Amino acid sequence: GANIVWAQNLTYAGYPDSALPYARKAYSITRQGKTGKYAFSAINTLGNGFDENLISDSTLFYYNLALDFALKDGNQFNMAAAYNTLGLVYSDAGDVQKAYEYYLKAAKMFEATNNLKSKAITLNNIATINQRNNEYEKSIEYLMQAIDLNSEMGEFYHLSMNYSNLGIAY
């Protein structure tokens, strides 16, 4: 567990190069069967580290591996997180169709796990994909769903992003 904590903290602090050895160590431990508890986090953190370093092949490899692990484990929260992360990667790479597919899966899984904050963020991401495709009416539909959720939860920061994107859609 400590390797995961170090890897995640270093990645989020902006030191992905320093995080990768800890993530690799954590992944190695999980592969040896010493603990499956942290496997998803270890694999996902490797993806984060490579993503921050803009190493796209490795990023996709580890994020897909994280998704495979989540699917085998049956952990819906991890599945949703993996789908969402893959949506982000494909969106950044310009593959809006794949991004859209992964975001839709993530939104459904976030709904199933009652993670409404993440669902609202994902709906906002779907709306931006629709804007890229000049599908403004669809974008508005997703943004209105995100606005409703964020309003109910009092998520004002995310609400401001929703309204900003709504202005673009109009």
Side-chain angles (χ1 to χ4, degrees), residues 1-129 142 145-146 149-150 152-153 155 157-158 161:
N3 286 305
I4 292 293
V5 173
W6 276 108
Q8 289 175 339
N9 287 338
L10 288 166
T11 299
Y12 299 134
Y15 303 103
D17 288 336
S18 298
L20 288 173
Y22 291 103
R24 284 187 181 110
K25 178 71 174 166
Y27 179 53
S28 175
I29 291 169
T30 62
R31 289 189 67 196
Q32 294 169 13
K34 294 181 181 174
T35 176
K37 183 177 177 181
Y38 301 106
F40 177 83
S41 293
I43 297 164
N44 202 54
T45 301
L46 278 167
N48 290 340
F50 286 112
D51 192 20
E52 292 294 321
N53 283 307
L54 304 174
I55 305 171
S56 58
D57 290 343
S58 295
T59 299
L60 285 174
F61 173 78
Y62 284 107
Y63 283 152
N64 277 305
L65 190 60
L67 175 60
D68 289 344
F69 187 86
L71 290 168
K72 286 177 190 168
D73 192 37
N75 185 315
Q76 290 186 327
F77 179 82
N78 288 347
M79 283 184 244
Y83 285 135
N84 191 61
T85 302
L86 284 164
L88 289 167
V89 170
Y90 281 111
S91 179
D92 288 346
D95 190 338
V96 294
Q97 186 56 42
K98 275 193 176 180
Y100 192 76
E101 290 170 19
Y102 281 113
Y103 282 147
L104 287 175
K105 289 178 182 180
K108 287 178 186 174
M109 296 300 289
F110 285 134
E111 175 77 26
T113 60
N114 203 34
N115 187 339
L116 301 181
K117 180 177 179 179
S118 294
K119 179 183 178 187
I121 293 168
T122 302
L123 291 171
N124 187 76
N125 293 341
I126 293 169
T128 61
I129 294 290
Y142 284 106
Q145 291 177 51
L149 288 172
N150 283 321
E152 290 172 21
M153 294 181 290
E155 289 289 336
Y157 172 75
H158 292 107
M161 290 191 309

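Side chains are part of it too, since the values below use all heavy atoms of this structure and drop only hydrogens, waters and symmetry mates. None of the values given here were measured: they were computed from a predicted structure.
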Task: Side chain to side chain, Phe110 and Asn84, heavy atoms closer than 4.5 Å - done: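 They are in contact (side-chain heavy atoms under 4.5 Å apart), so the answer is yes.
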Would you give the length of the straight line joining atom [atom1] of [X] to atom [atom2] of [Y], rounded to the nearest 0.5 angstrom?
| X | Y | atom1 | atom2 | result |
| --- | --- | --- | --- | --- |
| Thr85 | Asn64 | OG1 | CG | 11.0 Å |
| Tyr103 | Asn124 | OH | CG | 9.5 Å |
| His158 | Leu123 | NE2 | CG | 12.0 Å |
| Ile121 | Glu155 | CD1 | CD | 7.5 Å |
| Lys105 | Leu86 | NZ | CG | 9.5 Å |
| Thr122 | Leu116 | OG1 | CG | 11.0 Å |

Open item on the list: Minimum heavy-atom separation for Ala99 and Gly87, please, with both atom names.
Closed with: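 Closest approach of Ala99 to Gly87, heavy atoms only: CB-O, 3.4 Å.
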- [ ] State, to 0.1 Å, how close Met79 and Gly74 come at their nearest heavy-atom pair, and which atoms those are.
- [x]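 Here Met79 and Gly74 meet closest at CE-C, 3.4 Å.
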Task: Under 3.5 Å donor-acceptor, Asn150 side chain and Ala146 backbone - done: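 Yes, Asn150 side chain to Ala146 backbone: donor-acceptor pair under 3.5 Å.
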Open item on the list: Taking the six-membered ring of Phe69 as reference, does the cationic atom of Lys72 (NZ for Lys, CZ for Arg) lie under 6.0 Å from its centre and within 45° of its axis?
Closed with: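 No, Lys72 does not lie over the aromatic ring of Phe69.
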Applying side chain to side chain donor-acceptor pair (under 3.5 Å), can you list everything that pairs with [X], at least two apart in sequence or on another chain?
| X | answer |
| --- | --- |
| Glu111 | Lys119 |
| Ser91 | Arg132 |
| Ser118 | Asn115 |

- [ ] Kindly assign one of parallel, tilted or perpendicular to the pair Tyr142 and Tyr100, based on the angle between their ring planes and the thresholds 30° and 60°.
- [x]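 Taking Tyr100 first and then Tyr142, their aromatic rings stand perpendicular (interplane angle over 60°).
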Open item on the list: By the definition side-chain contact (heavy atoms from CB on, under 4.5 Å), identify the one residue from Ile129, Val96, Asp95 that meets it with Tyr90.
Closed with: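 Testing each of Ile129, Val96, Asp95 against Tyr90, the sole residue satisfying side-chain contact (heavy atoms from CB on, under 4.5 Å) is Asp95.
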